[in-house]
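Inspection log for the structure reproduced underneath, given as structure tokens.
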Amino acid sequence: MYAFTYHGAETLEQAQELLASGDDPKILAGGHTLLPTMKQRLANPSDLIDIAGINALSGITLTGAALSIGAMETHAQVADSPVAQRAIPGLAALAGQIGDPHVRNRGTIGGSLANNDPAADYPAACLALGALIHTTQRQIKAQDFFTDLFETSLEEHEIITRIEFPTPEISAYAKSPNPASRYALVGVYVARTQNGVQVAVTGAGPVVFLATGFSQALERSFSRGALNGVTVSPEGLNADLHASAAYRAHLIGIMARQAVTTALSQKQGAPS
Ligand SMILES: Cc1cc2nc3c(=O)[nH]c(=O)nc-3n(C[C@H](O)[C@H](O)[C@H](O)COP(=O)(O)OP(=O)(O)OC[C@H]3O[C@@H](n4cnc5c(N)ncnc54)[C@H](O)[C@@H]3O)c2cc1C
């Protein structure tokens with residue numbers, strides 16, 4: 001690891017000042033991606049700005065028809081939150097499937113979205129549920145946020161503050177995990193809202209995407225059977241030692257059916 005200077009920020013303003021003044025500063029959340037990268041000498045930031053002490057980045061609240069999750073909430077906190085479980089059980093269940101207990105207790109939703117790993121779980125939920133990503137500068141729609149492999153529309157030094165998820169009628173996530181890392185070989189989030197159905201896929205392509213053929217079929221009838229004969233082309237999908245593109249395309253159909261079954265079994269959206 002190269003030498004760096006550590007700063008613990010206590011407010012967003014302080015974090016922004018530190019980011020503006022450093023040579024090549026980086027935001028530090030749980031460190032679950034950033035620190036291994038630095039240990040391998042693949043990243044060499046001059047300064048680490050730790051945002052864990054900023055109260056404004058915490059909290060899970062339900063306001064009207066939107067669930068708001070602070071950027072520093074860990075996956076375990078989202079999974080265990082009664083507010084999240086009641087408002088969007090599919091999202092809480094997704095958080096409980098990320099990595100292992102160690103990963104879930106350090107990794108954060110803000111760090112996961114900023115990192116935009118092509119096999120990460122949250123991007124599928126953000127896209128299917130139509131989340132709004134709030135930052136220190138603006139609000140970004142999920143459909144405009146995930147731009148490419150490990151790329152987002154965040155500007156340099158822009159900090160994700162919270163993520164707002166409109167509560168759906170019903171929704172669920174199903175993934176086929178890599179047995180070693182638990183990252184998604186393929187993960188599918190299905191959401192039925194008042195405005196229709198959205199099906200988002202992670203792990204299969206270079207960046208999370210909507211499976212529109214699946215969404216259209218489920219809009220006609222929200223049932224497993226509605227997906228019979230609906231397929232995704234393997235063209236452009238990831239192929240590696242874990243799975244071929246054709247296998248991933250096949251898995252998308254299997255995971256979509258599983259997600260529909262789970263969604264239909266849920267009592268959803270009973271905010272009080
Ligand atoms: C062994 C292992 C298994 C994993 N398995 C899974 C899995 O199954 N599914 C899954 O989805 N993920 C998985 N992950 C990823 C993990 O869940 C974390 O979400 C991810 O590593 C990000 O970690 P972090 O929150 O600690 O962010 P950090 O590592 O601290 O930061 C990551 C990047 O995001 C930037 N950043 C952090 N917070 C913000 C913010 N608020 N605003 C702007 N930029 C920010 C940082 O500058 C850095 O560039 C796994 C990770 C490991 C190590």
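We count residues from 1, following the sequence as given. In listed order, ligands and their atoms are each counted from 1.
Smallest separation of non-hydrogen atoms from G187 and K175: CA-CB, 3.8 Å. Here the closest heavy-atom approach between residue V83 and residue T61 is recorded as CG1-C, 4.2 Å.
Looking at Q97 next to ligand 1, no N or O pair under 3.5 Å apart turns up. When only interatomic distances are considered, the shortest N/O to N/O separation between G107 and ligand 1 does not fall below 3.5 Å. In terms of polar-atom proximity, A114 is not counted as a contact of ligand 1, lacking any N or O under 3.5 Å from an N or O of the ligand. The shortest N or O to N or O distance between I160 and ligand 1 is under 3.5 Å. The shortest N or O to N or O distance between A29 and ligand 1 is below 3.5 Å.
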Determine, step by step, whether Q77 and T74 satisfy the side-chain hydrogen bond (donor to acceptor under 3.5 Å, both in side chains) criterion, reporting the C-alpha distance in whole Å, the side-chain angles of both residues, the deciding distance to 0.1 Å, and the verdict. CA-CA 5 Å; Q77 285 168 327; T74 64; 3.3 Å; yes

Set out, in order, the CA-CA distance, both residues' side-chain angles and the distance that settles side-chain hydrogen bond (donor to acceptor under 3.5 Å, both in side chains) for D47 and H7, then state yes or no. CA-CA 7 Å; D47 301 79; H7 309 264; 2.7 Å; yes

Worked check of side-chain contact (heavy atoms from CB on, under 4.5 Å) between I69 and L91: CA-CA 11 Å; I69 303 182; L91 183 66; 3.9 Å; yes

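Of all atoms in ligand 1, numbered sequentially from 1 with element shown, those under 4.0 Å from a heavy atom of S112 are 19 (O), 22 (C). For ligand 1 and A120, the ligand atoms under 4.0 Å from any heavy atom of the residue are 10 (C), 11 (O). For ligand 1, the atoms sitting less than 4.0 Å from at least one non-hydrogen atom of K175 are 8 (O), numbered in the order shown with element in parentheses. Below 4.0 Å from some heavy atom of G99 lie the following atoms of ligand 1, by number and element: 5 (N), 6 (C), 7 (C), 8 (O). Under a 4.0 Å criterion applied to the non-hydrogen atoms of I98, ligand 1 contributes the atoms 6 (C), 7 (C), 8 (O), 9 (N), 10 (C), 12 (N), 13 (C), 17 (O). Atoms of ligand 1 lying under 4.0 Å from any heavy atom of R182, numbered from 1 in the order shown and given with element: 7 (C), 8 (O). The H75 neighbourhood of ligand 1 comprises atoms 16 (C), 17 (O), 18 (C), 19 (O), with distances under 4.0 Å to a heavy atom of that residue. Applying the 4.0 Å criterion to heavy atoms of L34 picks out, from ligand 1, the atoms 29 (O).
Checked by atom type, the side-chain pair E158/T135 shows a donor-acceptor distance below 3.5 Å. For the 3.5 Å distance criterion, the side chains of H157 and Q16 fail to qualify, holding no donor opposite an acceptor.
Ranking protein heavy atoms by distance to atom 21 (O) of ligand 1, first place goes to T33 OG1, 2.4 Å. For atom 23 (O) of ligand 1, the nearest non-hydrogen atom of the protein is H32 CB, 3.5 Å. In this structure, the protein non-hydrogen atom closest to atom 9 (N) of ligand 1 is D121 OD2, 2.7 Å. S181 O, 3.4 Å is the protein heavy atom nearest to atom 3 (C) of ligand 1. With respect to atom 49 (O) of ligand 1, the closest heavy atom belonging to the protein is K26 NZ, 3.4 Å.
Side-chain atoms of R257 come within 3.5 Å of backbone atoms of G253 as a donor-acceptor pair (strictly under, hydrogens ignored).
Considering only non-hydrogen atoms, atom 30 (O) of ligand 1 lies nearest to G31 out of G111, G31, A95. For atom 13 (C) of ligand 1, the nearest non-hydrogen atom from the set Y183, Y122, F150 comes from Y183. Across L48, L35, I27, V103, heavy-atom proximity to atom 1 (C) of ligand 1 is greatest for V103.
By the 4.0 Å heavy-atom criterion, I51 is counted among the residues contacting ligand 1. Residue M38 places every heavy atom at 4.0 Å or more from ligand 1. In this structure, E158 counts as a contact residue of ligand 1, since one of its heavy atoms falls inside 4.0 Å of the ligand.
Classification of R192 and E219 as a salt-bridged pair fails, no side-chain N sitting under 4.0 Å from a carboxylate O. Under 4.0 Å is where a charged nitrogen must lie from a carboxylate oxygen, and between R182 and D121 no such pair does.
Under the ring-ring contact (aromatic ring centres under 6.0 Å, His included) criterion, Y122 pairs with H75, sequence neighbours left out.
For the pair L48 and I27, the minimum side-chain heavy-atom distance is 4.5 Å or more. At a threshold of 4.5 Å between non-hydrogen side-chain atoms, the residues K141 and L132 count as touching. A 4.5 Å side-chain heavy-atom check between D117 and T202 finds every atom pair outside the cut-off.
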